[in-house]
Amino acid sequence: MKFSWQVQDESPQHLRTFLTRKRISRALLKSIKFNGGKILVNEQPKRTNEMVTAGDQVTVELPPEPGNPHVVRSRQPIDVIYEDQDYLVVNKPPFLPTVQSARNQTDTLVNRVKNYYAERDYESQVVHVVTRLDQDTSGLVLFAKHRFAHTIMDQDLRQHRVQKYYLAMATGRFAQSHGLIDAPIERDPASFIKRRVASAGNGKPSKTEYWVLEQTATDSLLKVQLHTGRTHQIRVHFSELHHPLIGDPLYNETSFRSLQRQALHCFSLKFENVFRGKKIDVQAPIPNDMLEYWKKEKDKE
């Protein structure tokens, strides 16, 4: 896979500086150098400490990315919401893990995407997971289709350029229609899985913004935006507010009712594809189990 640019700056600069400005990370440069990639200037191999000037044509050829033999293919279908040469967005159903674990090596979203790539004989067969969802959370998951795209998206995630919005159903009524939860999160020492809001000075900074869309006598439908990406962040934050998510088996043990998983769905994803110079804005409809539950709650009124 090749990427080419023409140098526009009048002042001479190191090739390494030019590539860094194109958002090629140090790790990716190292991989290109040692794993069979190429860096060319005007079709000639060059070292990154050499100079380039205006008008030079810089080409980067990524090393091959054969599939991981330890990731088997699952021929179960995937719901593709968006795809271009660099990125794939899939609508993950509830109860399906995003990635493999000791308990499930054969049918996760990664296994299904690998099969999707193999059937289409894509140049890169590595499944680069950019965003993840908990097993029982549904909605949009973003994949990069080559390592350069993954590098750029990792940078964008750290700089909060990727916007993720969720629909959530929480217990109880909210006094305010809009709020920002700013509370650090840490592992719960009493559990291998659970997280909790940390005391001052501990935990990782975590911010969750929410808007109340509708309310019944007992529940609230929310739009939620993550400003950080901690494990179980939304679930922990609303539990801390004493509004745990409906159906959450971990943070709301008394609330299964007719919904057998946490009422959380990533419905909107916004990011930029810098390779194509366009902004991507995709949405996934609310899943049937959440929709039916909410309709029943409203019908009770």
Side-chain angles (χ1 to χ4, degrees), residues 20 23 25-27 87 89 92 97-99 101 128-144 149-172 174-213 220-246 248-252 262-272 274 279-281:
T20 299
R23 305 180 66 181
S25 67
R26 187 175 300 178
Y87 297 103
V89 181
K92 186 185 83 66
T98 302
V99 300
S101 67
H128 295 278
V129 184
V130 177
T131 63
R132 302 185 184 192
L133 294 176
D134 294 338
Q135 176 171 318
D136 294 345
T137 299
S138 57
L140 299 172
V141 178
L142 174 61
F143 295 88
H150 197 179
T151 295
I152 287 178
M153 203 51 59
D154 278 347
Q155 295 169 1
D156 283 354
L157 283 168
R158 288 195 297 270
Q159 296 168 12
H160 308 294
R161 293 175 179 165
V162 179
Q163 294 180 303
K164 294 175 68 178
Y165 293 91
Y166 292 76
L167 289 173
M169 295 188 299
T171 56
F174 286 71
Q176 297 178 330
S177 62
H178 171 254
L180 177 67
I181 308 168
D182 186 355
I185 291 176
E186 66 180 2
R187 285 185 178 272
D188 186 335
S191 171
F192 179 74
I193 301 174
K194 291 181 71 172
R195 267 64 173 174
R196 69 180 185 182
V197 167
S199 57
N202 296 319
K204 296 180 178 180
S206 307
K207 291 184 180 181
T208 304
E209 190 171 5
Y210 68 89
W211 297 261
V212 178
L213 301 178
S220 298
L221 177 65
L222 312 169
K223 182 176 84 169
V224 181
Q225 182 181 12
L226 287 179
H227 294 288
T228 52
R230 310 303 176 202
T231 300
H232 298 177
Q233 179 174 318
I234 294 173
R235 301 163 68 185
V236 171
H237 273 170
F238 284 106
S239 177
E240 179 69 13
L241 290 186
H242 304 292
H243 292 290
L245 298 191
I246 293 165
D248 191 336
L250 201 57
Y251 300 96
N252 189 8
Q262 65 261 14
L264 189 59
H265 174 70
C266 182
F267 79 95
S268 175
L269 183 63
K270 300 178 182 181
F271 63 98
E272 183 177 6
V274 298
K279 293 184 178 180
I280 312 301
D281 183 351

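- Side-chain atoms of His237 come within 3.5 Å of backbone N or O of Ala183 as a donor-acceptor pair.
- Put simply, CG on Leu222 and CE on Met169 are 10.0 Å apart, with the number rounded to the nearest 0.5 Å.
- Distance alone, capped at 3.5 Å, is enough to place a donor-acceptor pair between the Tyr87 side chain and the Ala149 backbone.
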Determine, stepwise, if the pair Asp156 / Arg23 fulfils salt bridge (charged side-chain N to carboxylate O under 4.0 Å, His left out). CA-CA 10 Å; Asp156 283 354; Arg23 305 180 66 181; 2.4 Å; yes

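- Using modelled atom types, no side-chain atom of Thr208 and backbone atom of Ile234 make a donor-acceptor pair closer than 3.5 Å.
- Side-chain N/O atoms of His232 and Tyr251 include a donor and acceptor closer than 3.5 Å.
- Using a distance-only test at 3.5 Å, with no hydrogens or angles considered, no donor-acceptor pair links the side chain of Arg161 to the main chain of Gln155.
- Residue His242 qualifies as open at atom NE2: its count of foreign heavy atoms under 6.0 Å is 12 or below.
- A donor-acceptor contact closer than 3.5 angstrom links the side chains of Thr137 and Gln262.
- Counting only N and O atoms by type, the side chains of His243 and Thr171 include no donor and acceptor under 3.5 Å apart.
- Side chain of Gln233 to backbone of Lys207: a donor-acceptor contact under 3.5 angstrom is found.
- In this structure, the side chain of His160 does not engage the main chain of Thr228 through any donor-acceptor pair within 3.5 Å.
- The environment of CD in Gln176 is sparse: at most 12 heavy-atom neighbours from other residues, nucleotides or ligands sit within 6.0 Å.
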Using distance only, find each side-chain donor-acceptor pair of residues 197-204 under 3.5 Å and give its atom names and separation, not counting sequence neighbours.
residue, atom, partner, partner atom, Å
Ser199, OG, Asn202, ND2, 2.8

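- Side-chain atoms of Asp134 do not come within 3.5 Å of backbone N or O of Asp136 as any donor-acceptor pair.
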